[in-house]
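A short write-up of the structure that comes next.
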Amino acid sequence: MVIPGADTRHPAPLAAPAARPLPRGHLADVSPSADLQTAADLAHAPAPAIWNFLTTRLTLRMAIPGGSGAHDLPRAGLAMGNL
């Protein structure tokens, strides 16, 4: 997932071309705004888009301690913040 930037160091027009060649590349529908003041603001702004990407576009897998490998994590049992 590529999140478009909002300043000259991270120009938004480069986001779509950057996402295209990635395997399962996806351009997020959010972009940081100029009113972000703290690291917490920066973390919260894209959180819904990141959560949507993780739960709808990827098969989440987890390793079970002592197990032999990764196992699918049931989507229905997922709730934000319970990973």
Side-chain angles (χ1 to χ4, degrees):
M1 180 169 101
V2 176
I3 298 174
D7 63 20
T8 56
R9 294 173 300 149
H10 307 95
L14 295 181
R20 264 186 235 115
L22 298 173
R24 292 181 296 224
H26 173 70
L27 180 63
D29 59 357
V30 303
S31 183
S33 67
D35 62 339
L36 299 176
Q37 299 295 315
T38 66
D41 293 343
L42 182 59
H44 290 288
I50 293 169
W51 181 252
N52 182 56
F53 174 77
L54 291 173
T55 58
T56 62
R57 296 186 178 268
L58 299 179
T59 299
L60 300 177
R61 301 179 74 73
M62 61 182 255
I64 297 178
S68 60
H71 302 276
D72 286 336
L73 188 64
R75 291 178 190 273
L78 293 177
M80 191 166 181
N82 290 338
L83 284 179

message: Donor-acceptor check, side chain of Asn52 to backbone of Ala49, threshold 3.5 angstrom: yes or no?
response: no

statement: One should read off an interatomic distance between Asp29 CG and Ile3 CD1, to the nearest 0.5 angstrom, of 10.0 Å

Side-chain donor-acceptor pairs of residues 9-24 under 3.5 Å, sequence neighbours excluded:
from  : atom 1 : to   : atom 2 : distance (Å)
Arg9  : NH2    : Asp7 : OD2    : 3.0
His10 : ND1    : Asp7 : OD1    : 3.1

Closest heavy-atom pair and its distance - Ser31, Ala6: OG-CB, 4.1 Å

message: Ser33: which residues meet the side-chain hydrogen bond (donor to acceptor under 3.5 Å, both in side chains) condition with it, sequence neighbours left out?
response: Asp35

- request: Tell me who clusters with Leu36, hydrophobic residues only, linked when side chains sit under 4.5 Å apart either directly or through other members.
  value: Leu42

field: Joint cluster assignment, Leu27 & Val30, ILVMFWY side-chain distance < 4.5 Å
entry: no

